[in-house]
Amino acid sequence: MGVQISPSILSADFARLGDECARVAGAADWLHVDIMDNHFVPNLTLGLPVVESLLSTVTTPVDCHLMIEDPDRWAPAYAEAGAGSVTFHVEAAAAPIKLAREIRAAGARAGMGLKPATPVDAYADLLPEIDMLLVMTVEPGFGGQRFLDVVVPKIRRARELAKGRDLDLWIQVDGGVAADTIEVCADAGADVFVAGSAVYGAADPSAAVAGLRAQAESATGSAWWCSHP
Ligand code: DX5
Ligand code: ZN
């Protein structure tokens, strides 16, 4: 896969979610849905019933980002409901390998998230068990925060680990991803880009997705981690 853009509906109008999702249909690869429980993060958003309603109306694949305690208990249901990708946080999971296997068995791609201060090397042996590693580039909980460039070396390290093991691992970045930060992420090794305020804060969200994609593709073309023919 090449560059993929996953607009976060956290920055959309929750009273008009179906319409807001339709604004990026055809432009976005995924719809990023942030599920927060006010325990793992200090914010509360939505849960399985709303995701089920979205899944019945949207055509874009749904990328669920679970910022919740006890994902071992709750995450498989999102996969069973039809989400294309389900990401849990490793800091919250009691049995991440078992959980990743359950998500895959339920038919979704398994994602594992790392908060900014969580190192990737400690989880190197888990990487074959997942389809996507989410490297948070802000503290999870809120949209519109400033990108933490201290995390960029971790993106690079994650890509090194994936390449070293010859894994087809997607590396997603989430938080503060916008026109001024997406290139450094792509250059370091990210290939799935979540953007909330940069997409839904724009007058034309679909055009914003296209603009971010063009930037990421251009930066990836000359990136160290991309094999050139
Ligand atoms: C934050 C969420 C993000 C958020 C990103 O915890 O995981 O998905 O919506 O928003 P922006 O792109 O505005 O930083
Ligand atoms: Zn997110």
Side-chain angles (χ1 to χ4, degrees), residues 3-14 17 20-21 23-24 27-47 50-51 54 60-69 71 74-75 78 83-92 108-118 130 132-152 154-155 170-186 190-203 205-206 208-209 211-213 215-216:
V3 163
Q4 299 181 75
I5 309 290
S6 187
S8 166
I9 59 169
L10 187 62
S11 293
D13 179 352
F14 273 27
L17 266 190
E20 292 280 77
C21 292
R23 292 175 82 193
V24 295
D29 300 283
W30 296 88
L31 281 171
H32 183 85
V33 181
D34 289 299
I35 292 124
M36 306 186 190
D37 66 353
N38 199 34
H39 290 273
F40 182 71
V41 291
N43 196 6
L44 186 67
T45 53
L46 50 84
V50 175
V51 170
L54 282 176
T60 313
V62 169
D63 163 29
C64 288
H65 176 193
L66 303 184
M67 285 160 278
I68 60 172
E69 286 186 353
W74 302 108
Y78 290 84
S85 178
V86 177
T87 297
F88 60 88
H89 269 271
V90 73
E91 302 88 352
R109 295 179 60 88
M112 185 173 82
L114 306 177
K115 291 167 72 173
T118 304
I130 58 170
M132 183 170 81
L133 182 75
L134 162 57
V135 178
M136 288 300 302
T137 42
V138 298
E139 287 299 337
F142 299 93
Q145 301 182 76
R146 226 180 125 88
F147 180 82
L148 294 172
D149 45 16
V150 69
V151 179
V152 171
K154 183 162 59 178
I155 303 170
W170 295 0
I171 298 180
Q172 183 179 62
V173 284
D174 180 9
V177 176
D180 59 339
T181 55
I182 195 167
E183 288 168 359
V184 73
C185 295
D191 54 358
V192 186
F193 303 87
V194 176
S197 46
V199 169
Y200 281 102
S206 199
V209 170
L212 291 169
R213 185 190 304 284
Q215 281 188 277

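This chain uses plain numbering: 1 for the first residue, then up along the sequence. Remember, predicted model here, so these are calculated numbers, not experimental data. All ligand and atom numbering here is 1-based and tracks the order in the structure.
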task: For P140, take its heavy atoms, then give the atoms of ligand 1 lying under 4.0 Å from any of them.
output: 6 (O)

query: Going by distance only, is there an N or O of V177 that falls short of 3.5 Å from an N or O of ligand 1?
result: no

- request: Could you tell me the separation between the CG atom of L31 and the CD1 atom of I5, rounded to the nearest 0.5 Å?
  value: 13.0 Å

- line: With heavy atoms and a 4.0 Å threshold, my read on which part of S197 contacts ligand 1 is both

Closest approach of A179 to Q215 (non-hydrogen atoms, all atoms of both residues): O-NE2, 2.8 Å

query: Once you round to the nearest 0.5 Å, how far does CE of M112 lie from CD of E91?
result: 9.0 Å

task: Kindly give the atom name of the N, O or S atom of H65 closest to the Zn ion (ligand 2).
output: ND1

Numbered atoms of ligand 1 (with element) below 4.0 Å of A195, judged on heavy atoms: 12 (O)

- request: Measure the acute angle between the ring planes of W170 and W30, then classify it against the limits of 30° and 60° as parallel, tilted or perpendicular.
  value: perpendicular

Numbered atoms and elements of ligand 1 in range of V194, under 4.0 angstrom, heavy atoms: 8 (O)

- request: Kindly confirm or rule out an N or O of E139 lying under 3.5 angstrom from an N or O of ligand 1.
  value: no

query: So which protein heavy atom does atom 14 (O) of ligand 1 come closest to, and at what separation?
result: G176 N, 2.8 Å

message: Rounded to the nearest 0.5 Å, what separates atom CE in M132 from atom CD1 in I171?
response: 11.0 Å

message: What protein heavy atom lies closest to atom 1 (C) of ligand 1? Include the residue and the distance to one decimal.
response: F142 O, 3.5 Å

Under 4.0 Å to a heavy atom of H32 - the qualifying atoms of ligand 1, by number: 8 (O)

message: Let me confirm one number: the NE2-OH distance from H65 to Y78, rounded to the nearest 0.5 Å.
response: 12.5 Å

- prompt: Can you tell me how far CG of L148 sits from NZ of K115, rounded to the nearest 0.5 angstrom?
  reply: 12.5 Å

message: Tell me whether G144 reaches ligand 1 (any heavy atom closer than 4.0 angstrom to a ligand atom).
response: yes

task: Around atom 9 (O) of ligand 1, find the nearest protein heavy atom and jot down its residue, atom name and distance.
output: S8 OG, 2.8 Å

query: Under 3.5 Å, is there a donor-acceptor pair between the S8 and D174 side chains?
result: no

field: Closest approach of any protein heavy atom to atom 10 (O) of ligand 1, naming residue and atom
entry: G143 CA, 3.4 Å

field: Spacing of L114 atom CG and T137 atom OG1 [to the nearest 0.5 Å]
entry: 11.5 Å

message: Starting from atom 2 (C) of ligand 1, what is the nearest protein heavy atom, named by residue and atom, and what distance separates them?
response: D34 OD1, 3.4 Å

query: Looking at the Zn ion (ligand 2), which N/O/S atom of D174 is the nearest one?
result: OD2

field: Heavy-atom check, side chain of F147 versus side chain of V184, under 4.5 Å
entry: yes

query: What about M67: any of its N or O atoms under 3.5 Å from an N or O on ligand 1?
result: no

message: Check for me whether D174 has a heavy atom closer than 4.0 Å to any atom of ligand 1.
response: yes

query: With the Zn ion (ligand 2) as the point of reference, which N/O/S atom of D34 is the closest?
result: OD1

task: State, yes or no, whether a side-chain contact exists between F142 and L10 at a heavy-atom distance under 4.5 Å.
output: no

task: Find all atoms of ligand 1 within a distance of less than 4.0 Å from any non-hydrogen atom belonging to H65, and give their numbers and elements.
output: 7 (O)

- request: Tell me which protein heavy atom sits closest to atom 12 (O) of ligand 1, plus the residue, atom name and distance to 0.1 Å.
  value: G196 N, 2.8 Å

task: Provide the number and element of each atom of ligand 1 under 4.0 Å from a heavy atom of G175.
output: 14 (O)

message: I want to check something: taking the side chain as every heavy atom from C-beta on, are I9 and C21 in contact at a cut-off of under 4.5 Å?
response: yes

- line: The protein heavy atom nearest to atom 6 (O) of ligand 1 is G141 N, 2.7 Å

field: Donor-acceptor side-chain pairing of D63 and S6 below 3.5 angstrom
entry: yes

